[in-house]
Amino acid sequence: MADFKVTPWEVEGEVDYEKLMRDFGAQSIPREVISKLPEPILLPLRRGFFYAHRDFDKFVEDAKRGKPVSIVTGRGPSGRMHLGHILPFYTAKWFQEKMGASVLIPISDDEKYLVKRKLKIRDVEAFGRDNLIDILAVGFDPEKTRIVIDLEDTEIYRPTVIVSKRVTYSTIRAVFGLTNESNIGWVFYPAIQMVHLFLPQIIWEPQRVLVPVAIDQDPYIRVARDVAERVGLVKTAGLLSKFMPSLESPTGKMSTSGGGEEKVIWLTDDEKTVRKKIMKYAFSGGRPTVEEHRRLGGIPEIDVSFLYLLYFFEEDDRKIKEIEERYRSGEMLTGELKEYTAKKISGFLREHQRRREKVLDEGLEVVLDRYRLRDEERDKIREWGKEL
Ligand code: TYM
């Protein structure tokens with residue numbers, strides 16, 4: 001296996017997920033925890049795309065006992081959103097609907113301003129608004145969901161100061177792989193994201209908070225867990241996924257860094273564009289010639305179209321099994337698999353885009369207002385931790 005590197009700000013090479021989980025000190029998700037979840041279980045959970053965790057079992061137990069629980073998952077607005085970015089949000093929605101979780105969504109415009117050299121404040125704010133159209137299109141319950149925008153909701157400064165006093169420079173330097181050239185915003189920002197993870201406990205009451213994210217975000221969960229109990233809060237739980245593969249590699253990350261605009265599927269792509277991208281770029285586990293393919297069969301495990309179906313888009317267990325068998329035996333060719341995958345993705349996007357239009361028709365700010373912190377919640381943030 002080639003060398004790889006995963007930090008919240010950079011993913012390089014072919015990711016070895018089992019090694020990453022061990023290195024980070026997370027656990028694999030036991031089958032019996034998944035089997036306790038309410039049906040129908042979200043596809044990426046059921047089929048192992050979410051594959052590692054910290055205290056997920058405790059979260060499930062608390063939710064089942066009717067205790068208040070919540071989800072935090074966010075977005076750093078550095079551009080438009082692609083298919084991989086929206087996944088944690090649909091996951092959060094599932095936990096809200098099926099397990100009664102409250103949801104808190106931070107928009108870390110500060111983070112992207114700090115780590116992306118070229119971006120200006122104006123840019124991250126504009127991307128933040130654009131990304132919120134997609135996040136609101138997911139359809140969260142406004143009574144049980146809050147959105148916090150770092151550069152606007154400045155109340156979070158106070159808890160950030162309290163938290164930052166309890167984290168050393170050497171921890172942040174090691175956990176996030178900082179160098180002498182990193183600007184000091186990179187050192188400070190992790191305290192902000194730690195506060196995001198604590199916010200449901202601050203604005204509502206102490207409770208188990210689960211953070212569903214791709215594993216690149218795990219370092220924040222780790223440092224938050226170290227501090228939580230020292231500031232009177234329950235330890236944060238994590239639910240960690242693999243990366244939705246890039247079109248060109250089953251072990252890469254769907255991302256614009258290095259890949260370019262053309263090679264990711266944007267949430268705004270129409271059917272024709274999706275089909276074109278899948279046909280042209282999706283890495284195939286098929287053989288170079290039809291004759292060889294018929295004789296030797298395809299390899300579903302490394303075929304990006306198959307992986308998209310398996311983890312996200314083919315709900316029907318019998319159908320996915322049938323596709324796997326037909327492809328492996330050589331009966332199904334890459335072209336047919338790609339056509340089917342493109343249709344499935346477009347179907348998902350059509351629904352998402354319809355809800356996106358609804359947000360725009362109603363007016364982004366009007367819809368967003370329903371999700372902003374209430375006055376009493378802002379007061380809670382201001383009052384929190386005076387004895388710490
Ligand atoms: P960001 O904006 O880089 O990514 C948003 C979310 O999408 C996940 N993600 C992916 N998941 C699957 N496959 C992919 N190819 C893929 N690419 C990105 C990321 O893991 C992330 O969950 N720092 C965060 C934003 C943030 C946040 C938080 C997240 C701020 N506060 C609190 C969780 C909890 C970020 O830059 O994500």
Side-chain angles (χ1 to χ4, degrees), residues 6-11 15 17 20 24 44-45 49-52 54 70-92 103-116 119 124 127-128 130-132 134-135 138 146-151 153 156 160 163 176 185-186 189-200 209-225 236-259 263-267 304 307-308 311-312:
V6 175
T7 76
W9 301 315
E10 208 179 3
V11 175
V15 184
Y17 287 107
L20 197 55
F24 281 1
L45 261 170
F49 182 71
F50 282 98
Y51 80 110
R54 298 173 188 276
S70 46
I71 299 283
V72 176
T73 201
R75 161 74 180 149
S78 55
R80 291 182 288 155
M81 285 173 81
H82 59 60
L83 269 181
H85 290 137
I86 203 67
L87 196 87
F89 296 96
Y90 278 102
T91 306
V103 173
L104 189 125
I105 299 169
I107 303 297
S108 55
D109 41 12
D110 50 350
E111 175 188 24
K112 294 296 155 147
Y113 175 69
L114 290 166
V115 306
K116 301 271 179 185
L119 293 182
V124 292
F127 285 135
D130 168 82
N131 295 175
L132 279 166
D134 284 304
I135 291 168
V138 173
R146 293 290 174 269
I147 291 174
V148 172
I149 302 170
D150 286 350
L151 290 173
D153 295 312
I156 60 171
T160 303
V163 164
F176 293 89
W186 292 42
Y189 173 75
I192 303 257
Q193 189 152 332
M194 290 165 76
V195 167
H196 294 156
L197 307 192
F198 295 155
L199 268 181
V209 176
L210 178 71
V211 185
V213 281
I215 194 160
D216 63 325
Q217 296 291 312
D218 180 63
Y220 292 111
I221 302 175
R222 240 180 305 154
V223 286
R225 285 169 65 81
T236 313
L239 182 60
L240 309 171
S241 78
K242 301 175 184 173
F243 296 118
M244 176 178 277
S246 67
L247 283 168
E248 289 177 303
S249 157
T251 53
K253 173 192 181 191
M254 184 175 285
S255 160
T256 37
S257 328
K263 294 180 184 169
V264 302
I265 296 177
W266 300 108
L267 294 174
V304 166
L307 293 175
Y308 287 172
Y311 287 138
F312 318 107

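Just follow the structure's listing: the first ligand is 1, and inside any ligand the first atom is 1. As a basis for the values below, the full set of heavy atoms in this structure was taken, side chains included, without hydrogen atoms, waters or symmetry mates. Given the structure is predicted, the values throughout are model-derived calculations rather than measurements.
Residue nearest to atom 11 (N) of ligand 1, selected from Gly238, Gly76, Gly84, Ala92: Gly84 (by heavy-atom distance).
Scanning for side chain to side chain contact (heavy atoms under 4.5 Å, CB included) contacts around Ala92 gives Ile71, Thr73, Val103, Phe140, with sequence neighbours left out. Under the side-chain hydrogen bond (donor to acceptor under 3.5 Å, both in side chains) criterion, Tyr51 pairs with no residue at all, not counting sequence neighbours.
For the pair Pro88 and ligand 1, the shortest N or O to N or O distance does not fall below 3.5 Å. Close N/O approach between Leu197 and ligand 1 is not found [any backbone or side-chain N/O within under 3.5 Å]. Looking at ligand 1, you won't find any N or O of Ser241 less than 3.5 Å from one of its N or O atoms. For the pair Glu111 and ligand 1, the shortest N or O to N or O distance falls below 3.5 Å. At least one N/O-N/O distance between Arg75 and ligand 1 falls below 3.5 Å. Between Ala214 and ligand 1, at least one N/O pair is under 3.5 Å apart.
For the pair Lys112 and ligand 1, a heavy-atom separation below 4.0 Å is found. Not a single heavy atom of Phe50 sits closer than 4.0 Å to an atom of ligand 1.
Between atom CG of residue Asp130 and atom CZ of residue Arg80 there is a gap of 8.0 Å, rounded to the nearest 0.5 Å.
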